[in-house]
Structures are given as C-alpha cells and as structure tokens.
**Student:** 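I have a structure I would like to understand better, so I am pasting it below and will then ask my questions one at a time.
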Amino acid sequence: MALLEVIALHAGDARGAEQGGADRIELVGTMDDDGLSPEPDLVEKARLITSIQIRPMLRLRAGFSTDGGEITRMKGLASAYMDAGADGVVVGFLNGANQIDLGVMAELMGESGVPYTFHRAIDHCLDQRRAWQAVKELPGEVTNVLTAGSVRGVEHGLNDLVAVARDPQLASLIMAGGGLRPEHVPWLVRAGVRAFHIGSPARPGGSWKAYVDAELVASWRELIDDETTRERERVQRADA
C-alpha cells in the first residue's frame, strides 16, 4: 500500500487527514517560509485526537542552513516532539555550496534513533546527481525524501523524478510532493514511487485558511490506491 501524507497546521487538520484515509501528517506551526516548527504542545493535541503517524517539521527559520545554537535547540525540540507522541520528524539542511550537509545531518539525526523525512531542501541543491548520491549517505533512520524534482514543483520536476526512481533504492525513499496533481500520480506509481505528500490540495479551494477536508483526502487516497493496484496487476501479468 502506498503512503499518503498530508500537511497539518493544527489538531483539526490531523482529524480530517485521518478521516480521509491519510497515513501520516507533516505537522507545521506555520506555512510561513514553506513551513516552520510547531510547538510541542501542538504535537500533543494532534496525538490526542488521531492515531496516524505524526512528523513535525524541524526547521526554525527560512532557508536551509543552520548553526550550532540552532542545532542544540532542534535536538531538544526533536526529543520534546517524541515525548509528545510524534513518530518522527521532517528535517533537512544544505551547506554553503547548496549541497546536502551530511555533517549537520549526522549531528542532528545520526544517533537520535528518530525516524525522519529529508524534506524539499534537496530540490534546492545545485547538482542534483550529487545530491541524490548524498541521500544514500544520510545518517540515521531516513525513511523518505520529500521532493518535487524541481524548486518549481512536480509539474516541472516530473521527468527528473521518474529518472531518479530508476534506482530502486532511491525509488523506495521518494515521497513526491510540492505542487502534486492527480495526473502526476500514474506516472510516478509506474516509476516505482510509493509515497505521496499533499498540502493545499487537501483543503477546500486550495486555501491554507481552510481546514483539511476528509473528502478531498479520501479522493487522493482512492486515486493512489487504484493506481498502485493497477500497477501491481500490470507487473503480475508481465511476470506470468
């Protein structure tokens, strides 16, 4: 079964995501600067009303760089999130050359034992081939890499995502998101992608001021499951 993750801004969003069939929420405190860390009590509130996975954003300012003081604070936040009921975090940093900062990632996540998603920082790397090779060296328990294949969204990065997914190891990590549209799903499933991430498409009118709508989430759940089943049956016929 494919994974469906929905961005949540509060506990009400978490409820709508679960009712619609989502597997996980990415919990953010605000969508300013494309998503910043929530307070730990927001994680606790979401956990009280939902049983699906919760991954809070671990990011304190705009951009994808950080420093020693922030790293110490983020370590504390990650621990507080897990104590509040989170199942992992969403995190990712680049160095001054706009490549994945493996040193920072090792300091933050290497011995934490916390599962994590490496977020769309990867779409901002200058050398994408080198960036995806670095993904294979990420420390700790990385389970997904959230990516649109382009800073401009899946519409512009679809072909690149399909190309990256030719590597089975990377295909198993890719979580497609960032301007994801229904017509992208069949191509991504066919390429081997089995994790999908939506934000505004889960809300009426695509507005961040609206709560996550269970029916909209359910429509994505049905689409993703139907395409995944269709692809599995196609592969079985080919192998027969």
Side-chain angles (χ1 to χ4, degrees), residues 1-60 73-92 108-109 112-120 140-146 175-180 182 185 194-226 228:
M1 183 176 175
L3 182 144
L4 174 59
E5 179 180 89
V6 177
I7 295 175
L9 289 163
H10 42 67
D13 282 346
R15 181 188 289 113
E18 181 172 34
Q19 290 174 342
D23 303 291
R24 191 166 75 198
I25 59 169
E26 176 191 272
L27 189 63
V28 298
T30 173
M31 280 306 297
D32 292 347
D33 301 310
D34 294 323
L36 298 175
S37 290
E39 293 297 326
D41 66 346
L42 184 55
V43 177
E44 189 172 355
K45 290 175 182 176
R47 176 48 68 220
L48 286 172
I49 65 168
T50 184
S51 61
I52 61 175
Q53 295 181 46
I54 300 172
R55 288 198 178 182
M57 177 68 74
L58 202 57
R59 182 167 175 254
L60 299 176
R73 184 180 170 195
M74 284 188 288
K75 285 182 177 179
L77 264 181
S79 178
Y81 290 154
M82 299 302 285
D83 289 344
D87 302 279
V89 297
V90 182
V91 61
L108 266 174
M109 307 306 301
S112 70
V114 176
Y116 69 97
T117 301
F118 190 91
H119 64 55
R120 282 194 64 198
E141 298 183 39
V142 57
T143 63
N144 299 104
V145 177
L146 175 59
M175 180 164 59
L180 184 69
V185 173
R194 295 294 183 270
F196 300 87
H197 168 99
I198 57 172
S200 57
R203 302 164 187 273
S207 172
W208 290 106
K209 294 180 180 180
Y211 279 30
V212 166
D213 181 85
E215 291 187 5
L216 288 174
V217 175
S219 70
W220 281 87
R221 176 82 273 167
E222 182 178 6
L223 168 66
I224 291 166
D225 288 349
D226 285 351
T228 303

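Note that this is a predicted model, so its numbers are computed, not measured.
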**Student:** For the pair Asp13 and Arg203, find out whether any cationic side-chain nitrogen is under 4.0 Å from an anionic carboxylate oxygen.
**Tutor:**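 The answer is yes: the pair qualifies as a salt bridge.
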
**Student:** Might you point out which heavy atoms bring Val114 and Met82 nearest each other, and give the distance in Å?
**Tutor:**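 Nearest pair, atom of Val114 first, then Met82: CG1-SD, 3.8 Å.
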
**Student:** For Leu9 and Met31, what are the C-alpha separation, side-chain angles and deciding distance, and is it a side-chain contact (heavy atoms from CB on, under 4.5 Å)?
**Tutor:** CA-CA 8 Å; Leu9 289 163; Met31 280 306 297; 3.9 Å; yes

**Student:** Of the non-hydrogen atoms in Gly113 and Glu141, which two are nearest, and what is the gap between them?
**Tutor:**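 Taking Gly113 first and Glu141 second, the nearest heavy atoms are O-OE2, 3.4 Å.
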
**Student:** Using every non-hydrogen atom in the two residues, find where Trp220 and Val185 come nearest and quote the distance to one decimal.
**Tutor:**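 Reported closest heavy-atom pair: CZ3-CG2, 4.0 Å.
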
**Student:** To the nearest 0.5 Å, tell me how far Arg47 CZ sits from Leu27 CG.
**Tutor:**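 Reported value, rounded in 0.5 Å steps: 10.5 Å.
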
**Student:** Could you tell me whether the side chain of Pro201 reaches within less than 4.5 Å of the side chain of Leu216, counting heavy atoms only?
**Tutor:**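 Answer no - side chains too far apart.
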
**Student:** Could you tell me if the side chain of Tyr211 sits less than 4.5 Å from the side chain of Pro204, heavy atoms only?
**Tutor:**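 With C-beta onward as the side chain, the pair stays apart.
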
**Student:** Is there a donor-acceptor pair under 3.5 Å between the side chain of Arg24 and the backbone N or O of Val6?
**Tutor:**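 The answer is no, because no donor-acceptor pair under 3.5 Å joins these two groups.
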
**Student:** So, does Asn144 use its side chain to make a donor-acceptor pair with the main chain of Thr117 at under 3.5 Å?
**Tutor:**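 No; judged by distance alone, with no hydrogens or angles, the pair does not exist.
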
**Student:** How close do Ala202 and Val217 get, counting heavy atoms only, and between which atoms?
**Tutor:**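 So the two residues come closest at CB-CG2, 3.9 Å.
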
**Student:** Just to verify, what does His197 make a ring-ring contact (aromatic ring centres under 6.0 Å, His included) with, not counting sequence neighbours?
**Tutor:**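 ring-ring contact (aromatic ring centres under 6.0 Å, His included) list for His197, sorted by chain: empty.
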
**Student:** Can you measure from CD1 (Ile198) to CG (Leu180) and round to the nearest 0.5 angstrom?
**Tutor:**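 Spacing of CD1 (Ile198) from CG (Leu180) equals 8.0 Å.
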
**Student:** Got a second to check how far Tyr81's OH is from Ile54's CD1, nearest 0.5 Å?
**Tutor:**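 Reported value, rounded in 0.5 Å steps: 12.0 Å.
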
**Student:** Taking the side chain as every heavy atom from C-beta outward, state whether Glu5 and Gln53 have any atom pair closer than 4.5 Å.
**Tutor:**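 No, side chains not in contact.
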
**Student:** Could you give the distance from CZ (Arg73) to NZ (Lys75), rounded to the nearest 0.5 Å?
**Tutor:**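 Between Arg73 CZ and Lys75 NZ, I get 15.5 Å after rounding to 0.5 Å.
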
**Student:** Where do His10 and Lys45 land on the side-chain contact (heavy atoms from CB on, under 4.5 Å) test, with the steps shown first?
**Tutor:** CA-CA 8 Å; His10 42 67; Lys45 290 175 182 176; over 6 Å; no

**Student:** So, taking the atom named CE in Met175 and the one named CZ in Arg120, what distance separates them when rounded to the nearest 0.5 Å?
**Tutor:**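 So the CE of Met175 and the CZ of Arg120 are separated by 11.5 Å.
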
**Student:** Between Ser79 (side chain only) and Gly76 (backbone N and O only), is there a donor and an acceptor less than 3.5 Å apart?
**Tutor:**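 No, Ser79 side chain to Gly76 backbone: no donor-acceptor pair under 3.5 Å.
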
**Student:** Please round to the nearest 0.5 Å and tell me the distance separating atom CD1 of Ile25 and atom CD1 of Ile7.
**Tutor:**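 Ile25 CD1 to Ile7 CD1: 11.0 Å, rounded to 0.5 Å.
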
**Student:** Side chains of Leu77 and Leu58: does their closest heavy-atom pair fall under 4.5 Å?
**Tutor:**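 Yes, side chains in contact.
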
**Student:** Looking at Asp226 and Arg221, is any side-chain nitrogen of the basic one under 4.0 Å from a carboxylate oxygen of the acidic one?
**Tutor:**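 Salt bridge absent between Arg221 and Asp226.
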
**Student:** Heavy-atom distance under 4.5 Å between the side chains of Thr228 and Arg194, does that happen here?
**Tutor:**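 Yes; the side chains approach each other to less than 4.5 Å.
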
**Student:** Tell me yes or no: between the side chains of Arg55 and Thr143, is some donor less than 3.5 Å from an acceptor?
**Tutor:**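 Yes.
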
**Student:** Decide yes or no for Val89 and Met109: does some side-chain heavy atom of the first lie under 4.5 Å from some side-chain heavy atom of the second?
**Tutor:**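 Result yes, sub-4.5 Å side-chain heavy-atom pair found.
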
**Student:** Where is the tightest heavy-atom contact between Glu26 and Val90, given as atom of each residue plus distance?
**Tutor:**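 That closest heavy-atom pairing would be OE1-CG1, 3.7 Å.
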
**Student:** Of all the heavy-atom pairs spanning Ala86 and Pro56, show the shortest one and how long it is.
**Tutor:**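 Nearest heavy atoms, Ala86 then Pro56: CB-CD, 3.7 Å.
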
**Student:** Does the Asp33 side chain pair with the main chain of Gly35, one donor and one acceptor, at a distance under 3.5 Å?
**Tutor:**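 No: the side chain of Asp33 does not pair with the backbone of Gly35.
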
**Student:** Without swapping roles, check the side chain of Thr30 against the backbone of Leu36 for a donor-acceptor pair under 3.5 Å.
**Tutor:**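 Checking the backbone N and O of Leu36 against the side chain of Thr30, no donor-acceptor pair under 3.5 Å is found.
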
**Student:** For a side-chain contact (heavy atoms from CB on, under 4.5 Å) check, start with the C-alpha distance between Leu146 and Phe118, then their side-chain angles and the critical distance, and finish with the verdict.
**Tutor:** CA-CA 6 Å; Leu146 175 59; Phe118 190 91; over 6 Å; no

**Student:** Would you say the side chains of Ser51 and Glu18 form a donor-acceptor pair under 3.5 Å?
**Tutor:**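 A pair is found: one side chain offers a donor N or O, the other an acceptor, under 3.5 Å apart.
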
